[in-house]
Protein chains: 4
Amino acid sequence: MNGWVGYITNQSVINMQTTTISSDTPVGNKRERRKEARPGELLDAALNLFVNKGYSATKVEDVAASAGVSKGTLFLYFPSKEDLFKAVIRANLAEHFPTWNQEFEEFQGSTSEMLEYALVSWWQRIGSTDASGITKLVMSEANNFPEVVQFYDQEVIRPGHALFKRILQRGIDCGEFATFDAEQAVHSLVSAILYVNMWKHSLACNALQNSLSPETFLRNHAYLLAQGWRRT
Amino acid sequence: MNGWVGYITNQSVINMQTTTISSDTPVGNKRERRKEARPGELLDAALNLFVNKGYSATKVEDVAASAGVSKGTLFLYFPSKEDLFKAVIRANLAEHFPTWNQEFEEFQGSTSEMLEYALVSWWQRIGSTDASGITKLVMSEANNFPEVVQFYDQEVIRPGHALFKRILQRGIDCGEFATFDAEQAVHSLVSAILYVNMWKHSLACNALQNSLSPETFLRNHAYLLAQGWRRT
Amino acid sequence: MNGWVGYITNQSVINMQTTTISSDTPVGNKRERRKEARPGELLDAALNLFVNKGYSATKVEDVAASAGVSKGTLFLYFPSKEDLFKAVIRANLAEHFPTWNQEFEEFQGSTSEMLEYALVSWWQRIGSTDASGITKLVMSEANNFPEVVQFYDQEVIRPGHALFKRILQRGIDCGEFATFDAEQAVHSLVSAILYVNMWKHSLACNALQNSLSPETFLRNHAYLLAQGWRRT
Amino acid sequence: MNGWVGYITNQSVINMQTTTISSDTPVGNKRERRKEARPGELLDAALNLFVNKGYSATKVEDVAASAGVSKGTLFLYFPSKEDLFKAVIRANLAEHFPTWNQEFEEFQGSTSEMLEYALVSWWQRIGSTDASGITKLVMSEANNFPEVVQFYDQEVIRPGHALFKRILQRGIDCGEFATFDAEQAVHSLVSAILYVNMWKHSLACNALQNSLSPETFLRNHAYLLAQGWRRT
DNA sequence: GATGAATGAGTGTTCATTCAT
DNA sequence: AATGAATGAACACTCATTCAT
């Protein structure tokens with residue numbers, strides 16, 4: 001479930017941590033364990049609701065209820081709904097690019113194949129899961145939360161862009177692709193990811209919805225671009 | 001507020017028309033002329049505010065005030081805020097299709113050139129103007145206003161999709177392109193438009209912002225895809 | 001259509017008057033005749049809408065439209081909606097008690113029969129027509145228009161009460177009824193009229209609605225009371 | 001605001017209860033006690049304002065203020081103004097039926113006496129209090145709130161009708177009354193109640209007002225009808 | 001006189017936030 | 001720390017009334 005647009009359930013993070021601790025020390029009572037888990041549970045609940053219902057359509061009370069606490073408790077941990085939103089985004093932008101970068105290093109095969117692999121596995125690991133909702137959220141609320149855009153840019157856009165650029169450069173360097181401006185070319189790849197994302201999250205109850213098969217589209221898109229870039 | 005070439009504020013359209021008429025016939029009374037101009041003025045104001053402040057953050061009273069009328073007057077022309085939204089979509093996006101379809105019919109040149117022309121002139125006429133903000137708006141508010149999505153789908157997505165498909169089919173039919181599934185291929189084209197759109201409207205206050213030159217990107221994208229589709 | 005709770009369409013009043021005039025003078029053009037008829041047409045339209053939709057649910061624009069004029073014109077004749085309401089009530093409280101009083105004088109038969117005749121013919125002439133809506137209107141808006149209650153009292157309640165009292169007194173005087181307080185007894189008669197009226201106008205779309213057959217009920221009620229009053 | 005015998009303001013009911021409890025158990029915190037009292041206080045305030053100013057003329061904010069809370073608090077207990085209306089009906093009229101039905105079961109005496117008792121005690125418990133204004137209210141707003149009429153029908157008219165019918169049937173069964181259609185006869189009884197009601201609430205500022213002594217009228221009316229129904 | 005475009009005060013309802021307990 | 005009752009600012013929409021034409 002983790003990947004480029006990093007996602008990790010807060011709960012599991014917290015629980016792992018808690019478990020680790022509890023193996024060494026005598027188990028605290030349930031109350032205390034819950035107390036430590038609170039913020040994480042709230043972030044999880046908030047992510048889920050924000051993604052599925054939208055930021056403004058989500059009531060803080062729903063988030064609290066979904067996390068099993070009262071409205072007042074939420075405000076104990078997050079001073080405002082806006083802060084909760086920022087925390088949700090921040091918490092879900094874990095850096096998992098190291099993994100992806102490593103896969104890049106170890107990849108055997110042509111760069112064309114690597115491109116296809118990159119797009120398709122984005123879909124399988126991120127796009128098809130709730131994690132892709134983060135991007136939708138950031139885009140939708142961009143006007144209201146410029147800060148959020150800032151750290152999304154830092155944590156996701158730039159690393160992603162850099163990785164794609166390295167892939168393209170590999171193709172150029174090894175002579176598979178012609179020489180071209182990799183910096184610009186990255187956008188053509190990323191556009192497909194954004195497209196699938198918005199299609200999924202904004203055009204949900206839509207007749208045309210089914211006219212797009214994400215995986216096939218991404219595969220075709222990668223192939224098509226690789227064709228265009230190939231040394232002729 | 002006017003774009004490079006084709007985007008004309010509703011107001012100016014009306015005014016041009018009125019001016020033309022008034023040169024031949026005695027001018028109608030001021031009250032009537034205003035009545036004809038009102039919807040256009042309101043649509044202009046609404047587009048501007050919706051795009052710059054967001055749909056929900058814009059109060060109908062602001063729109064009215066910005067158009068120089070009172071709240072009540074707005075409701076004289078548009079039954080609800082949501083209808084105003086739809087009217088903005090129609091006036092700024094949907095209305096262009098007849099022209100575009102005609103341009104397609106009359107286009108002289110290769111299909112590759114036509115693709116480039118289509119994407120670049122989208123940028124010049126829509127992308128670079130406030131009108132492009134509408135798409136961002138629809139995506140952002142998709143969860144809250146499913147009916148608007150429906151409307152956007154019907155009035156913009158479908159006609160746009162159909163037009164691109166006809167362009168691709170032209171390329172296939174005249175032997176310039178290989179035979180492929182035009183229906184699916186359209187998505188690769190549209191993804192570039194959406195990408196530029198979101199880049200402009202959601203990543204506005206962003207350092208990377210300048211790393212994308214919309215017109216160059218679109219030109220490259222069109223070229224690249226055409227390369228990939230070309231009969232080998 | 002006229003009767004105790006007097007009702008006469010304004011239009012016919014006006015028309016009669018107009019006709020009378022026009023038989024002596026050359027007929028004015030249609031415009032002028034309409035002009036004179038305006039207030040009456042408005043009152044008719046208002047009565048109809050007020051009765052069927054209620055006072056506040058009726059928009060002045062609807063009244064105007066229903067009378068075939070514009071909103072502005074209505075305000076030319078009636079300074080406000082409230083004034084229109086008062087005018088409607090006043091115009092429809094014509095005194096038709098003379099007719100009813102005469103019928104009383106000429107009535108052949110027992111007082112019991114007369115009571116039955118009075119209630120049943122109220123239903124036939126008033127209750128079953130739109131005219132009965134006036135009473136509903138007055139009752140409903142009593143709080144907001146105390147004046148209206150005043151002249152309804154003067155024009156309808158008092159004359160009606162007086163007439164019923166004379167009927168009862170006739171029964172007492174001729175020995176058909178025992179001696180009792182006719183003044184108070186009237187209320188028992190009138191209660192049936194009010195009851196049918198409210199049942200009709202306030203419990204319209206109601207399942208129990210059909211459980212009341214107005215004419216039968218009134219007949220029974222009259223019979224029952226006469227039984228009670230009869231000298232034993 | 002309290003009536004002769006049975007009408008108890010919601011507040012006092014609650015307070016009595018609270019007092020009783022608090023004599024045995026330590027008092028709950030102030031916040032909680034208020035929470036229990038709130039609905040009653042709001043219902044009292046609403047009844048008072050609705051009856052005296054009319055339903056639409058009463059702003060929810062007025063009701064809240066009159067109960068000493070803010071607008072938002074009212075919506076914590078009643079989902080809408082219409083629901084508040086229904087709750088007022090239930091608390092002040094519908095709630096009485098269990099008691100009344102029980103009194104019917106336990107009543108010792110002739111059916112004639114029971115009829116008189118029923119009408120007179122209606123006056124003492126309801127008619128002479130603000131609660132009687134509800135019927136007037138429902139009648140007045142019938143056109144605007146059909147759902148309220150539905151509710152009133154279900155909760156008040158039907159139970160009331162059923163109760164009166166049982167009383168009449170008792171008289172028929174035990175041979176005190178002749179055999180007749182009890183279903184229809186009920187209307188003659190109810191008409192007196194409605195009459196007194198409308199007289200009180202719609203003809204308030206009226207000279208004739210004093211010509212009706214409710215209790216005497218109801219007593220006479222019951223007697224008169226019983227006479228008519230009596231086996232001859 | 002007649003029109004109808006324009007007005008703007010008025011109100012039910014929501015929901016993030018506070019704070020006494 | 002946790003609760004949840006209370007708050008009140010915010011906002012779309014209606015409609016009687018006005019007045020320029």
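Just so we're on the same page: letters track the sequence lines, and every chain starts at 1.
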Quiz prompt | Close side-chain approach of B/Met139 and A/Met139, heavy atoms under 4.5 Å | solution = no

Requested in this report: Look at the side-chain N and O atoms of A/Tyr77 and state whether any lies under 4.0 Å from the OP1 or OP2 oxygen of F/dA1.
Outcome: no

Atom CG of C/Asp62 and atom P of F/dC15 are separated, to the nearest Å, by 9 Å

With the side chain defined as heavy atoms from C-beta on, D/Phe75 is closest, among F/dT18, E/dT13, E/dA16, to E/dT13

Rounded to whole Å, the CG-P distance (B/Asp83 to F/dT14) equals 11 Å

In whole angstroms, the gap separating P of F/dC13 from CD of B/Glu82 amounts to 9 Å

Atom CZ of B/Phe78 and atom P of E/dA6 are separated, to the nearest Å, by 12 Å

Side-chain contact check for B/Lys81: nearest option of F/dC13, E/dT7, E/dA6 is F/dC13

On DNA chain F, more 5' by nearest nucleotide between C/Ser80 and B/Glu61 is B/Glu61

Mate of E/dA20 across any strand shown (Watson-Crick or G-U wobble, both atom pairs under 3.5 Å) is F/dT3

Of all heavy-atom pairs linking C/Tyr77 and C/Pro39, the shortest is CD2-CG, 3.7 Å

Winner on side-chain proximity to B/Lys59, out of F/dA2, F/dC11, F/dC13, is F/dC11

Taken to the nearest whole Å, CG/B/Leu74 to P/E/dT7 is 11 Å

Between NZ of B/Lys53 and C1' of F/dA10 the distance, given in whole Å, is 13 Å

Taken to the nearest whole Å, OH/B/Tyr55 to P/F/dC11 is 13 Å

Testing F/dC13, F/dT7, E/dT13 for proximity to the side chain of D/Ser70, the answer is F/dT7

Worksheet item: Do other residues, nucleotides or ligands put more than 12 heavy atoms under 6.0 Å from C/Lys59 NZ?
Response: no

Of E/dT13, E/dG12, F/dT7, the nucleotide closest to the side chain of D/Leu76 is F/dT7

- Task: Examine E/dA5: is either OP1 or OP2 under 4.0 Å from a nitrogen or oxygen in the side chain of B/Thr73? Give yes or no.
- Result: no

B/Lys86 with B/Glu147: basic N within carboxylate O range, under 4.0 Å
yes

Donor-acceptor pair under 3.5 Å: do we get one between A/Lys71's side chain and the base of E/dT17?
yes

With the side chain defined as heavy atoms from C-beta on, A/Val60 is closest, among E/dT17, F/dA16, F/dA12, to E/dT17

request  = Side-chain contact test, heavy atoms from C-beta onward, threshold under 4.5 Å: evaluate it for B/Val60 versus B/Lys71 and give yes or no.
outcome  = yes

Is A/Lys81 positioned over the aromatic face of A/Tyr55, cation under 6.0 angstrom from the ring centre and no more than 45 degrees off axis?
yes

Judged by nearest nucleotide, the residue sitting upstream toward the 5' end of DNA chain E, A/Gly72 or D/Pro79, is D/Pro79

Reckon C/Ser56 touches a base, only the sugar-phosphate, or nothing at all at heavy-atom distances under 4.0 Å?
nothing

Atom CG of B/Leu42 and atom C1' of E/dA6 are separated, to the nearest Å, by 12 Å

